[in-house]
Amino acid sequence: MAPKVLMVAEKPSIALSIASALSGGRMSSRRGSTDVHEFESMFQGFHAQFKVTSITGHVFSVDFPSTYQNWQVTDPVDLFKAPVLKLESNPKSHIRRHLSHEARGCNYLVLWLDCDREGENICYEVIECTGFDENEAGRKILRAKFSSVTEKDLLIALENLVKPNKAEALAVDARQEIDLKVGVAFTRFQTSYFQGKYGNLDSRVISYGPCQTPTLGFCVQRYMQMTTFKPEKFWSLNLHIIKDGHELRLEWERDKVFDFDVAVMFQKLVLDGNILEVTYVSKKEESKTRPCGLNTVDLLKVASSALGLGPHVAMQLAEQLYTQGYISYPRTESTAYPATFDFSTVLGAQLSNPLWGNLVKSLLADGFNKPRIGSDAGDHPPITPLRAANEEMLGNDAWRLYQYICQHFIGTVSPDCKYTRTKIEFAASGEIFHCIGQHVSTKGFTSIMPWMAISEKNLPHFMKGEKINILNVELHEGCTAPPDYLSESELISLMEKHGIGTDASISVHINNICERNYVQVNSGRRLVPTALGTTLIRGYQCIDADLCLPDIRSFIEQQITLIAKGKVDHVHVVHHVLQQFTQKFLYFVKKIENMDVLFEAQFSTLAESGRLLSKCGKCTRYMRYIATQPSRLYCISCEEVYYLPQSGTIKLYKELACPLDGFELVLFSMAGPDGKSFPLCPYCYNSPPFEGIDTLFGVIKLGNSGKLGKGAGMPCFLCPHPTCRHSIITQGVCACPECMGTLILDPVSAPKWRLYCNMCNCMVSLPHGAHRISTTGKKCPDCDSTIIEVDFNKKTTPLGDGATLHSGCILCDDLLHSLIEMKHGKSFFRRGRGRGRGRGRGGRSRGRGGFKLEDPKMSFRDF
């Protein structure tokens with residue numbers, strides 16, 4: 001029996017490319033959690049059955065056990081010694097089952113994950129998911145190393161399979177554990193401390209990161225240089241002459257002086273002489289060398305400075321181009337091409353391009369140049385184009401990035417740019433002036449990269465000793481200017497120089513400080529620190545400058561590299577680094593008042609923020625509503641903060657109080673014309689009154705509370721209190737047809753009454769124009785739904801004899817069922833015991849039959 005080979009790629013598109021290349025296109029495909037492509041071919045000298053499938057990035061995420069998730073009961077310092085688990089992400093749970101199923105009966109597992117440290121780490125996640133054990137007879141694990149998804153490279157990779165690299169995987173594990181523990185400990189402490197005191201902090205989470213914070217530090221450092229800069233006036237001489245009918249402005253050798261009287265003296269000295277003498281004439285053949293191969297950092301810098309694409313977007317586009325087979329792997333530190341690189345084939349793929357096809361043709365005909373010797377980091381070759389494309393195929397931004405990659409590659413094998421540089425020096429009363437001319441003889445690589453072209457300037461003919469009359473000498477006044485805000489391109493250079501992040505993570509760290517409102521991206525993609533970002537860095541500097549300087553992170557990255565090379569034990573490195581940060585954290589907590597002084601000067605206290613809204617259930621005094629994110633209520637008397645859902649509006653709900661704790665209810669309305677509105681108790685929302693509520697319903701991340709771990713975030717529509725008139729028990733009508741949730745009566749939707757699901761976006765319109773609709777607490781004998789009571793408008797009542805009051809079940813009562821419609825959702829399940837409709841196929845719990853709803857605005861009655 002032929003052995004079975006399971007191959008796993010990192011993305012479905014790459015799995016398809018691998019299967020197509022190895023099978024010659026003769027394969028069958030079937031659906032799964034991700035597609036599975038099957039074929040038969042030769043493998044290591046024998047006939048084998050192949051299955052090629054994929055994952056979608058990391059299967060597991062690193063996190064703390066549930067006992068450490070509650071912010072209120074866990075001291076952040078305990079996180080440094082807390083265990084760390086690799087947890088299966090809920091959206092990825094099907095991937096594990098899929099891999100386990102496909103691995104059954106297979107003899108070989110071949111891993112085609114991205115060829116970097118992160119990919120190596122994912123290799124071991126896949127191994128765990130498949131349950132493959134090399135110690136088991138007849139089983140073997142192999143690793144494919146490739147830099148592009150061309151058929152040639154994939155076939156070469158298949159012929160040169162290696163063992164997965166455990167050391168590189170452990171290096172990623174070490175970095176993940178360090179970043180998690182350090183980042184979460186500082187973040188939890190900072191967020192709890194400052195958001196508990198200040199109302200206008202415009203950030204949900206005041207985060208710290210061993211890479212993120214030094215990245216922000218570079219931006220703030222430049223900002224501080226700007227604000228402390230003291231301009232100085234300077235003066236310079238601009239001397240003009242006429243030669244052969246051409247007026248020339250000469251440069252002063254001194255450039256500028258900072259004393260006005262001295263500048264006037266030099267001007268008078270030159271004017272008094274009135275004659276220039278040519279003292280030096282130089283002509284020199286010079287060249288501008290072609291670029292080295294393109295690595296990730298250089299690509300990101302050009303994308304930001306020249307294409308206007310932020311690093312995060314640029315990397316997403318590059319990944320897209322790679323998975324589609326247009327470019328080689330975009331994460332590389334190398335600028336040197338391998339000795340075996342096939343330049344002719346890569347150039348040949350660009351012959352059909354109308355923009356540079358002719359240039360490529362001449363390079364292939366006349367012979368292209370050998371690229372400059374760059375840096376070989378031992379990872380991947382430089383980024384190169386692999387096949388032809390056009391703007392219509394790729395879209396505007398992806399095309400511009402692809403176009404630059406093509407131009408850069410062609411530039412690396414083009415001749416150098418050659419030009420003649422002429423310099424003429426003049427003397428007048430002892431002062432030296434000069435002018436420079438340039439004439440290009442060979443455009444070379446600047447033909448394909450015109451933005452790097454030499455500016456031509458032709459000079460008249462001068463002879464040494466020649467005397468020339470001065471036309472005029474202008475005294476130019478100027479002023480020294482401060483540096484501009486740091487550009488993304490400059491920031492990337494600083495991060496690379498100081499070892500902050502890797503080619504794979506630099507874009508992520510920059511994106512983080514933008515998303516967390518520490519900096520804003522202005523015109524020219526310059527990074528302007530916000531008040532929060534500046535205050536944070538100044539705070540770190542006055543407590544422990546190491547927390548925002550690149551030195552520690554640079555040291556950590558050096559240690560991570562040693563782990564990847566197998567030179568140090570990853571457990572020892574993690575232990576040593578965490579010991580350092582534990583001491584720094586304890587000192588930071590002890591000295592937090594130093595940072596607090598800066599926050600106090602910049603932000604408003606909770607007592608000064610917001611407006612009075614609802615009563616506290618503990619002291620019965622009014623609490624302040626603070627609308628800036630994170631949205632929350634603050635009781636001045638009790639000094640307690642109660643977080644609220646985000647991205648919506650909050651107002652008082654009929655001055656009604658929660659029967660459990662006496663807190664006045666507020667009404668939260670989600671954004672949008674069809675946004676849900678629901679009441680909630682501020683105290684119950686932050687401290688759910690029933691154990692296991694998050695397990696029963698899942699964590700409801702309606703806002704800050706869910707994200708920050710300050711309770712499950714339980715609004716009234718999840719509360720199972722048996723007598724409260726706002727709970728799911730009294731306001732729930734029936735099970736949601738789309739999920740395991742419940743359809744709840746929207747209490748403030750009149751006159752457009754509706755039900756909404758407390759779990760998904762399903763929404764049901766009830767009879768419009770009714771004076772009142774309410775739940776009755778009674779159950780339908782057929783389907784167990786709650787019976788509702790509708791008080792119709794007298795003018796539009798569908799009831800005979802002018803009657804307006806009607807009670808019934810929206811599913812079983814023919815009149816009510818004809819008056820309702822689903823506005824959002826994919827299907828509706830009619831419940832009950834027949835009534836001439838039947839249960840259909842695909843029934844769910846409680847005997848619901850399935851009916852597909854093609855038009856979301858069609859009435860349920862149509863089925």
Ignoring hydrogens and angles, tell me if any N or O in the side chain of [X] forms a donor-acceptor pair with the backbone of [Y] under 3.5 Å.
X      : Y      : answer
Thr446 : Met449 : no
Gln438 : Ser455 : yes
Thr335 : Ser375 : yes
Thr213 : Gly209 : yes
Ser507 : Met315 : no
Ser505 : Val508 : no
Arg139 : Cys106 : yes
Asp114 : Asp116 : no
Asp416 : Arg290 : yes
Tyr337 : Lys370 : no

Item checked: Test log, rule salt bridge (Lys or Arg N to Asp or Glu O under 4.0 Å), inputs Glu490 and Lys301 -> CA-CA 8 Å; Glu490 291 171 323; Lys301 288 194 287 188; over 6 Å; no
Which distance, rounded to the nearest 0.5 Å, do you find between the [atom1] of [X] and the [atom2] of [Y]?
X      : Y      : atom1 : atom2 : value
Leu355 : Gln350 : CG    : CD    : 10.5 Å
Leu363 : Asn358 : CG    : CG    : 11.0 Å
Cys129 : Ile95  : SG    : CD1   : 8.5 Å
Gln44  : Leu158 : CD    : CG    : 8.0 Å
Leu486 : Phe218 : CG    : CZ    : 9.0 Å
Ser328 : His380 : OG    : NE2   : 9.5 Å

For residues [X] and [Y], report the shortest heavy-atom separation together with the two atoms involved.
X      : Y      : value
Leu109 : Ile127 : CD2-CG1, 4.0 Å
Glu125 : Val59  : OE1-N, 2.7 Å
Asp179 : Pro210 : OD1-CG, 3.7 Å
Thr412 : Cys292 : CG2-O, 3.3 Å
Glu488 : Ser304 : OE1-OG, 2.7 Å
Ile405 : Thr384 : CG2-C, 3.9 Å

Taking atom [atom1] of [X] as the centre, report whether more than 12 heavy atoms of other residues, nucleotides or ligands fall under 6.0 Å from it.
X      : atom1 : result
Glu456 : CD    : yes
Lys163 : NZ    : yes
Lys443 : NZ    : no
Arg30  : CZ    : yes

Margin query: I'd like to know if Arg331 pairs up with Glu319 as an ion pair, taking the criterion as any Lys NZ or Arg NE/NH1/NH2 lying under 4.0 Å from an Asp or Glu carboxylate oxygen.
Written below: yes
Checklist line | Glu168/Arg117 salt bridge by N-O under 4.0 Å criterion | finding: no
Margin query: Whether Lys166 engages the ring of Tyr124 as a cation-pi pair (distance to the six-membered ring centre under 6.0 angstrom, angle to the ring normal within 45°) should be assessed.
Written below: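 Positive - Lys166 is close enough to the ring of Tyr124 and near enough to its axis.
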Check: Any cation-pi pair here, Arg526 with Tyr485, using under 6.0 Å and within 45°?
Finding: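 Here Arg526 fails the 6.0 Å and 45° test against Tyr485.
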Notebook entry, point to check: Could you go step by step and tell me if Lys4 and Glu40 meet the salt bridge (Lys or Arg N to Asp or Glu O under 4.0 Å) rule?
Noted result: CA-CA 9 Å; Lys4 295 182 179 180; Glu40 294 186 8; over 6 Å; no
Next item on the list: Start with the C-alpha distance between Lys86 and Asp173, add both sets of side-chain angles, then the distance that settles salt bridge (Lys or Arg N to Asp or Glu O under 4.0 Å), and finish with yes or no.
Entry: CA-CA 10 Å; Lys86 279 205 167 188; Asp173 284 341; 3.1 Å; yes
Next item on the list: Dump the intermediate steps for salt bridge (Lys or Arg N to Asp or Glu O under 4.0 Å) on Glu286 and Lys418, then the final yes or no.
Entry: CA-CA 6 Å; Glu286 297 190 357; Lys418 295 182 180 180; over 6 Å; no
Under a 4.5 Å cut-off applied to non-hydrogen side-chain atoms, are [X] and [Y] in contact?
X      : Y      : value
Asp569 : Val573 : no
Leu6   : Val110 : no
Leu299 : Leu401 : yes
Ile556 : Ile560 : yes
Met495 : Ile510 : yes
Phe43  : Leu22  : no

Classify the angle between the aromatic ring planes of [X] and [Y] as parallel (below 30°), tilted (30 to 60°) or perpendicular (above 60°).
X      : Y      : result
Tyr322 : Tyr329 : perpendicular
Trp399 : Tyr402 : tilted
Phe343 : Phe409 : parallel

Between the side chains of [X] and [Y], does any donor sit under 3.5 Å from an acceptor?
X      : Y      : value
Tyr518 : Ser207 : yes
Glu118 : His58  : yes
Ser148 : Asp153 : yes

Next item on the list: Can you spot which of Leu527, Val521, Asn522 makes a side-chain contact (heavy atoms from CB on, under 4.5 Å) with Arg525?
Entry: Val521
Notebook entry, point to check: Can Leu347 and Phe368 be said to form a side-chain contact (heavy atoms from CB on, under 4.5 Å), step by step?
Noted result: CA-CA 10 Å; Leu347 282 170; Phe368 53 84; 3.6 Å; yes
Checklist line | Check against side-chain hydrogen bond (donor to acceptor under 3.5 Å, both in side chains), Ser13 and Gln324 | finding: CA-CA 7 Å; Ser13 58; Gln324 293 173 341; over 6 Å; no
Next item on the list: Before giving the answer on side-chain contact (heavy atoms from CB on, under 4.5 Å), spell out for Val8 and Leu99 the whole-Å C-alpha distance, their side-chain angles and the decisive distance to 0.1 Å.
Entry: CA-CA 9 Å; Val8 182; Leu99 293 177; 4.1 Å; yes
Checklist line | ring-ring contact (aromatic ring centres under 6.0 Å, His included) assessment of Phe50 paired with His37 | finding: CA-CA 8 Å; Phe50 288 82; His37 312 288; over 10 Å; no
Next item on the list: Decide side-chain contact (heavy atoms from CB on, under 4.5 Å) for Phe39 and Ser28; before the verdict, give the C-alpha distance in whole Å, the side-chain angles of both, and the deciding distance to 0.1 Å.
Entry: CA-CA 7 Å; Phe39 57 92; Ser28 61; over 6 Å; no
Next item on the list: Decide side-chain contact (heavy atoms from CB on, under 4.5 Å) for Ile55 and Val126; before the verdict, give the C-alpha distance in whole Å, the side-chain angles of both, and the deciding distance to 0.1 Å.
Entry: CA-CA 8 Å; Ile55 54 173; Val126 171; 3.9 Å; yes
